There are 2 protein chains.
Amino acid sequence: MENTTMRIGELAAQAGVSVRALRYYEEQGLLTSERSPAGQRYYAEDAADRVRLIQLLYSAGLNSKAVSTIMPCMDSGMASTDMIELLAAERDRIDERLHELTETRDRLTTVIELSRATRRPPARSAGTVPSGGPPGPAAPAR
Amino acid sequence: MENTTMRIGELAAQAGVSVRALRYYEEQGLLTSERSPAGQRYYAEDAADRVRLIQLLYSAGLNSKAVSTIMPCMDSGMASTDMIELLAAERDRIDERLHELTETRDRLTTVIELSRATRRPPARSAGTVPSGGPPGPAAPAR
DNA sequence: TGTCTCTCTGACGTCAACGTCAGAGTCTAC
DNA sequence: GTAGACTCTGACGTTGACGTCAGAGAGACA
């Protein structure tokens, strides 16, 4: 749509993924590209953001099909009632994983602190996250 | 060590995993079992907890080797200096994933709220997680 | 015009955590 | 002592997101 001036290698570098991955995303219907008459792919500037969003959803445990289903909503900000249900279901799944991950991190932290304590005299404050309670329901950290 | 009275099917049911998975864990050195003279596996009562811990570490993104490396520390609560470094590295990786997951969840929540808002008159309080609250699972590491 | 780098389309390879199946042995109850 | 449920050890199959390779075309530059 915009100035599609980026080639696949450049986009890969910008987004921090492989060229193969970008072709795979296109194959899965997650990413589109303009084609030159000779068949070379060209991308708009905002393609890197889209790729990062794809990666984000992948690492949240969604597969290609799920990503392709919800990507339109992420773009438009609109969703049918059924789609909202689906989005909420995914969100809840992620919430569950957040709790699991938090528990795992806290258990690791406990072992680390314990080991450090028995290994060195009581050091003042560790260098990491305050941790403790479960994940807050929402709102970005930072 | 204790009364190893549970058989593999029962442990699988208790821990919510498949029998195959338990054999796989043993093969990977993550889980041990007593054997009857005829070669049948028997487990202690606390084996279910161990299995759940294994699952927890798996779902935190660790592979079998990493789990087998850190499991002894999780058991004993002791770790060498090198091991502490390793544990801290894993913990930091998990922290990173927590941030990613939190961002993903918040983006999903945003779309959900937005769609609900444009679809219905300003409804009081959504039906799911209390969301909208303060910061996520943890403050940024370091 | 030639060279070099990038890109194209298949198509097979990979890796991890199991799923599944076969054939045989074990255990418990009746 | 036998039926039925459970378990054993291989060993091959599955799945998803790519990695990798081959052979050929595209594009900028001297």
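None of the values given here were measured: they were computed from a predicted structure. Throughout, a chain's letter reflects where its sequence line sits, starting with A, and its residues are numbered from 1.
- Separating the CZ atom of A/R41 from the C1' atom of D/dA26 is a distance of 14 Å, rounded to the nearest angstrom.
- Looking at heavy-atom distances under 4.0 Å, B/R7 makes contact with sugar-phosphate atoms alone, never a base.
- When the nearest nucleotides of DNA chain C are assigned to A/E10 and B/S36 by heavy-atom distance, the more 5′-ward of the two goes with A/E10.
- Within the nucleic acid shown, A/Y25 comes within 4.0 Å of sugar-phosphate atoms alone, with no base atom in reach, counting heavy atoms only.
- Residues B/Y42 and B/Q55 each lie close to DNA chain C; by heavy-atom proximity, the contact nearer the 5' end of the strand is made by B/Q55.
- Nucleotides of DNA chain C that come within less than 4.0 Å of any heavy atom of chain A span, from the 5' end to the 3' end, C/dT7 to C/dA11.
- Between the side chains of A/S64 and A/Y58, at least one donor N or O lies within less than 3.5 Å of an accepting N or O.
- Note: B/R116 CZ to A/I84 CD1 = 6.0 Å, rounded to the nearest 0.5 Å.
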- Task: Please assess B/M83 against B/T69 for the test side chain to side chain contact (heavy atoms under 4.5 Å, CB included), listing each intermediate value before the final yes or no.
- Result: CA-CA 9 Å; B/M83 191 63 76; B/T69 303; 4.2 Å; yes
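- Rounded to whole angstrom, the span from the OH atom of A/Y58 across to the P atom of D/dA17 amounts to 5 Å.
- A/Y42 and A/E10 share no donor-acceptor pair across their side chains, judged by distance under 3.5 Å alone.
- Nearest-nucleotide assignment on DNA chain D puts the 5′-proximal partner with B/E26, out of A/N63 and B/E26.
- Taking atom CD of residue A/Q28 and atom P of nucleotide D/dA17, one finds them 7 Å apart after rounding to whole Å.
- Residues A/L22 and A/A38 both approach DNA chain D. Their nearest nucleotides, taken by heavy-atom distance, put A/L22 toward the 5′ side.
- Across all strands shown, A/R23 has heavy atoms under 4.0 Å from base atoms, whether or not it also approaches the sugar-phosphate.
- Following rounding to the nearest Å, A/Y24 (OH) and D/dT15 (P) show an atom-to-atom distance of 13 Å.
- OP1 and OP2 of D/dG16 both lie 4.0 Å or more from every side-chain N or O belonging to A/S64.
- A salt bridge links A/R107 to A/E103: one of the charged nitrogens lies within less than 4.0 Å of a carboxylate oxygen.
- Under the 3.5 Å distance criterion, with hydrogens and angles disregarded, a donor-acceptor pair is assigned to the side chains of B/T109 and A/R91.
- A/R23 and A/E26 are not joined by a salt bridge, as no carboxylate oxygen comes within less than 4.0 angstrom of a charged side-chain nitrogen.
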